[in-house]
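Scroll down for the structure; my scribbles are underneath it.
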Amino acid sequence: QVQLLESGGGSVQPGGSLRLSCQVSARGVDAMDWYRQVPGKRREMVGGITAAGIPFYMPWAEGRHTVSRGSTNTWYLQLNNLQPEDTGVYYCTFLGSWGPGTQVTVSA
């Protein structure tokens, strides 16, 4: 089973940015999805990268957040112009394997 570990979360002020990382333990991971869970809501997709290397985003994330792939088993989610409603736990996932998540807190 693939093991995933997110990092890069933290506390920022509104308008701030964070780059989240997802470190993957296995080779052969060619796609990645990112989700988040904000308080009081169901876990929702942010976006991801397909096996063909094509990034995609949910409409609310389009133009504000960016997914990318690093050189060695690392995937990234760049979060920009963060707002308090973006506060939550962010996860990477691949074929049913999930990381433990990383907390993002946005407050003035």
Side-chain angles (χ1 to χ4, degrees):
Q1 187 175 3
V2 176
Q3 291 186 328
L4 310 173
L5 181 63
E6 304 91 343
S7 62
S11 296
V12 297
Q13 295 184 340
S17 298
L18 286 171
R19 188 175 79 158
L20 308 184
S21 300
C22 176
Q23 187 69 35
V24 179
S25 65
R27 295 183 177 181
V29 175
D30 57 1
M32 187 63 65
D33 294 335
W34 287 90
Y35 281 73
R36 72 177 188 178
Q37 185 153 24
V38 301
K41 293 188 177 181
R42 289 184 175 182
R43 192 172 295 187
E44 62 180 348
M45 177 175 275
V46 179
I49 298 180
T50 70
I54 300 172
F56 64 93
Y57 306 92
M58 293 300 101
W60 61 266
E62 183 86 49
R64 194 159 65 98
H65 304 326
T66 304
V67 295
S68 62
R69 181 176 185 176
S71 58
T72 53
N73 293 349
T74 305
W75 303 74
Y76 299 103
L77 174 63
Q78 177 72 37
L79 303 174
N80 297 314
N81 191 23
L82 286 163
Q83 301 300 317
E85 54 267 31
D86 294 314
T87 293
V89 181
Y90 287 71
Y91 303 88
C92 56
T93 179
F94 174 73
L95 291 182
S97 295
W98 292 77
T102 185
Q103 175 71 43
V104 172
T105 301
V106 187
S107 63

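Heads up: numbering here begins at 1 and tracks the sequence.
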From Thr87 OG1 over to Gln103 CD, what is the distance, rounded to the nearest 0.5 angstrom?
-> 7.0 Å
So, are Asp86 and Arg64 salt-bridged, with charged N and O less than 4.0 Å apart?
-> yes
Give the minimum heavy-atom separation between Val38 and Glu85, together with the two atoms involved.
-> CG1-O, 3.8 Å
Euclidean distance, Cys92 SG relative to Leu4 CG, rounded to 0.5 Å = 4.5 Å
Test side-chain contact (heavy atoms from CB on, under 4.5 Å) on Tyr90 and Glu6 and set out the steps.
-> CA-CA 8 Å; Tyr90 287 71; Glu6 304 91 343; over 6 Å; no
Stepwise, does the side-chain contact (heavy atoms from CB on, under 4.5 Å) test hold for Leu77 with His65?
-> CA-CA 7 Å; Leu77 174 63; His65 304 326; 4.3 Å; yes
Ring centroid separation Trp98 to Tyr35 under 6.0 Å = yes
Where at least one partner belongs to residues 15-25, residue pairs that pass side-chain hydrogen bond (donor to acceptor under 3.5 Å, both in side chains), sequence neighbours excluded = Ser17-Asn80, Gln23-Thr74
Quick check: are there more than 12 heavy atoms from other residues, nucleotides or ligands sitting under 6.0 Å from CD of Gln3?
-> no
Distance col, row Cys22:SG vs Met32:CE, nearest 0.5 angstrom, shows 4.0 Å
For Gly47 against Val67, the heavy-atom pair lying closest together | C-CG1, 4.4 Å
Counting distance only, does the side-chain N/O of Thr105 pair as donor-acceptor with the main-chain N or O of Ser11 below 3.5 Å?
-> no
If every non-hydrogen atom of Ala31 is compared with every non-hydrogen atom of Thr50, which pair is closest and at what distance?
-> CB-C, 3.8 Å
Rounded distance [0.5 Å steps], CZ in Phe94 versus CG in Asp33 = 9.5 Å
Can you tell me how far the CH2 atom of Trp34 sits from the CZ atom of Phe56, to the nearest 0.5 Å?
-> 12.5 Å
Shortest non-hydrogen separation from Arg69 to Ile49 and the atoms involved = N-CD1, 4.0 Å
Here the pair of heavy atoms bringing Gly15 nearest to Gln83 is N-NE2, 3.7 Å
Heavy-atom donor-acceptor pair, Ser97 side chain to Val2 backbone, under 3.5 Å = yes
Work out which heavy atom in Pro39 is nearest to a heavy atom in Gly88; give both atom names and the distance.
-> CD-CA, 4.4 Å
Is it true that the NZ or CZ of Arg36 lies under 6.0 Å from the centre of Trp60's six-membered ring and within 45 degrees of the ring axis?
-> yes
Start with the C-alpha gap between Tyr76 and Leu20, add the side-chain angles, then the distance that decides, and say whether side-chain contact (heavy atoms from CB on, under 4.5 Å) holds.
-> CA-CA 6 Å; Tyr76 299 103; Leu20 308 184; over 6 Å; no
